[in-house]
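Below: the structure, in structure tokens.
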Protein chains: 2
Amino acid sequence: MSAMRMNEGVEWAAHACALLALLPEGKALSAAALAEFHELPRAYMAKHMQALAKAGVVVSIKGPRGGYRLARPADAVSLWDVRVAIEGPGPDFRCQEIRRNGPCPSHDTGKPCTIAKAFWDAERAYQAQARSVAIADIVASLAAGVNPARAERFNTWLAANT
Amino acid sequence: MSAMRMNEGVEWAAHACALLALLPEGKALSAAALAEFHELPRAYMAKHMQALAKAGVVVSIKGPRGGYRLARPADAVSLWDVRVAIEGPGPDFRCQEIRRNGPCPSHDTGKPCTIAKAFWDAERAYQAQARSVAIADIVASLAAGVNPARAERFNTWLAANT
DNA sequence: GGGGCCTTACTCGGATATCATATGTCCGAGTCATGGGGG
DNA sequence: CCCCCATGACTCGGACATATGATATCCGAGTAAGGCCCC
């Protein structure tokens, strides 16, 4: 049995958000540009950007020179926000209340299923950790060990795509 | 985009382990019995029990009066063990190192991808929480509000299926 | 009556179908920049 | 020379295929219990 895999789009979306955080005020990046920057399939990246937009993480601008911008400051967008936007809001573990089935059901107590509660606690721990990291932190970490030549190259690319 | 769903077999397996924890010494429960107890598809439950056996969470006994037993004391089997047995060991988030792609790759620094690190930290938090809950805790919680009539019925079923 | 062997039925284990969801793609609706014409 | 408008191209957004993995099932290999025969 292979491991539960998180939607790869989460990684793409997180990197895209980090990129958007570096945009000058009033500028935008198209889905095509965001895809090209990491050599990803354009159409599929576009789909994930749609999800981010629908979740309110980014805002979309139509027409020429349009594209996407972060909807909030980079320190107000957490990795959890990105995950929820791409993977959806519901809990990972879904209790089907199978304890109520079968010859010896145990649902007399109104209490929630202990197993479900335990997994949901774990999910909350995950969520807390993911909430504590913002796109701004990612950007700061990337900017830490930046090479001047690469920075120039990046600025050139940015100017050519905004 | 719908939410990432954990394999439903994890819930089944956890309940099954709780049931196995109540077995008298030297007895076993067949996959069919475990399935029937919660009204689950027999063959599919069997598949999940195989996964638990392969992961070393339970041991299997073939032949008449055979079935499954916990491989360790109930307080030495955590919900994390069950999850790993069913969902597989690998991490949820898989970093594809897309930062190395595209026109402006940023892999000069030997450091790991910050995004991947953040998600892996969150997974560790999840894991720590899930590790802290054992099958024994589940059983204790279930036994807390037990009805004498139901207990009798359960013992009857157990005697008929071991 | 006791012990050993054979039969037999019961169990797991993996190979095999089916189906939902993630992955990947495409075209139409909407919108802003641009360029031309008029004042 | 400046403003307004029509045009056009560029953007997103959702509808449409495909591939991968989860869900569900079945049959064969192995084994321990139980009965039967022999001593």
Side-chain angles (χ1 to χ4, degrees), chain A residues 1-13 16 20 26-36 39-69 71 83 85-88 90 92 94 96 98 161-162, chain B residues 1-13 16 20 26-36 39-55 57-69 71 83 85-88 90 92-94 96 98 161-162:
Chain A
M1 188 84 52
S2 87
M4 175 177 65
R5 248 180 39 194
M6 181 185 292
N7 191 322
E8 66 185 346
V10 174
E11 183 183 6
W12 301 4
L20 292 179
K27 300 285 187 173
L29 273 176
S30 73
L34 289 167
E36 179 194 305
E39 285 181 358
L40 300 171
R42 298 189 177 190
Y44 197 20
M45 171 57 99
K47 186 175 174 70
H48 289 314
M49 294 311 296
Q50 283 176 40
L52 285 177
K54 190 171 280 187
V57 173
V58 302
V59 293
S60 67
I61 300 167
K62 291 190 170 184
R65 294 290 177 179
Y68 293 97
R69 290 189 303 116
R83 181 200 182 277
I86 303 299
E87 293 276 351
D92 180 7
R94 317 289 184 85
Q96 305 185 233
I98 62 173
N161 285 279
T162 49
Chain B
M1 190 82 53
S2 85
M4 175 177 66
R5 249 178 41 191
M6 179 185 292
N7 193 321
E8 65 185 346
V10 174
E11 184 183 5
W12 301 4
L20 291 179
K27 300 285 186 173
L29 273 176
S30 72
L34 288 167
E36 178 193 308
E39 284 181 359
L40 299 171
R42 298 188 177 192
Y44 197 21
M45 170 58 98
K47 186 174 174 68
H48 289 313
M49 294 311 296
Q50 282 177 41
L52 285 176
K54 190 170 281 186
V57 173
V58 302
V59 292
S60 67
I61 300 167
K62 293 189 170 184
R65 294 289 177 181
Y68 293 97
R69 292 189 302 116
R83 182 200 183 277
I86 304 298
E87 294 276 352
D92 180 6
F93 182 92
R94 316 289 184 86
Q96 305 185 232
I98 63 173
N161 286 278
T162 49

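Below, read A as the first sequence line, B as the second, and so on, with proteins coming before strands; counting in each chain starts at 1. Small disclaimer: the values here were computed from a predicted structure and weren't measured.
Residue A/P64 has its side chain nearest to C/dA33 when only C/dC26, C/dC10, C/dA33 are considered. Closest to the B/K62 side chain, of the nucleotides D/dC12, C/dC12, D/dC10, is C/dC12. Minimum atom distance to the side chain of A/Y44 is reached by C/dG24, of the listed D/dA24, C/dG24, D/dC12. In the set D/dG13, D/dT23, C/dG13, the nucleotide with an atom closest to the side chain of B/Y68 is C/dG13. You'll find that the side chain of B/Q50 is closest to C/dG14, out of D/dT31, C/dG24, C/dG14. Listed nucleotides C/dA9, C/dC32, D/dA15 differ in distance to A/K47; the shortest reach to its side chain belongs to D/dA15.
Counting to the nearest Å, the C1' atom of D/dT31 and the CD1 atom of B/I61 are 12 Å from each other. As a whole-Å value, the separation of B/W12 CH2 from D/dA22 P is 14 Å. Residue B/E11 contributes atom CD, which lies 18 Å from atom P of D/dA22 at whole-angstrom precision. Across the protein-nucleic acid pair, B/R94 atom CZ and D/dG21 atom C1' stand 12 Å apart, rounded to whole Å. In this structure, B/M49 places its CE atom 9 Å from P of C/dG13, rounding to the nearest Å. Distance B/L34 CG to C/dC12 C1': 13 Å, rounded to the nearest Å. Rounded to an integer number of Å, the gap from B/R42 CZ to D/dT25 P is 11 Å. In this structure, NE2 of A/H48 is placed 15 Å from C1' of D/dG13, rounded to the nearest angstrom.
Look at A/S60 and you won't find any side-chain N or O under 4.0 angstrom from OP1 or OP2 of D/dT11. For A/K54 and D/dG14, the shortest distance from a side-chain N or O to OP1 or OP2 is below 4.0 Å. Regarding contacts with the backbone of D/dT23, a side-chain N or O of B/R5 is found under 4.0 angstrom from either OP1 or OP2.
Side-chain contact between B/M6 and B/E87: present, with at least one pair of heavy atoms (C-beta onward) separated by less than 4.5 Å. Taking the side chain as every heavy atom from C-beta outward, B/D92 and A/R5 never approach each other to under 4.5 Å. A heavy-atom distance below 4.5 Å is found between the side chains of A/W12 and B/I98.
Nearest heavy atoms, B/N161 versus B/A33: OD1-CB, 4.1 Å. Annotation for A/A28 and A/T162: closest pair O-CG2, 3.7 Å, computed over non-hydrogen atoms.
Each of A/G63 and A/M6 has a nearest nucleotide on DNA chain C; the 5'-most of these lies closest to A/M6.
At a threshold of 4.0 angstrom between heavy atoms, the contacts of A/A31 are confined to the sugar-phosphate backbone, with no base atom among them. Nucleic acid contact class of B/G67 (heavy atoms, under 4.0 Å, all strands): sugar-phosphate only.
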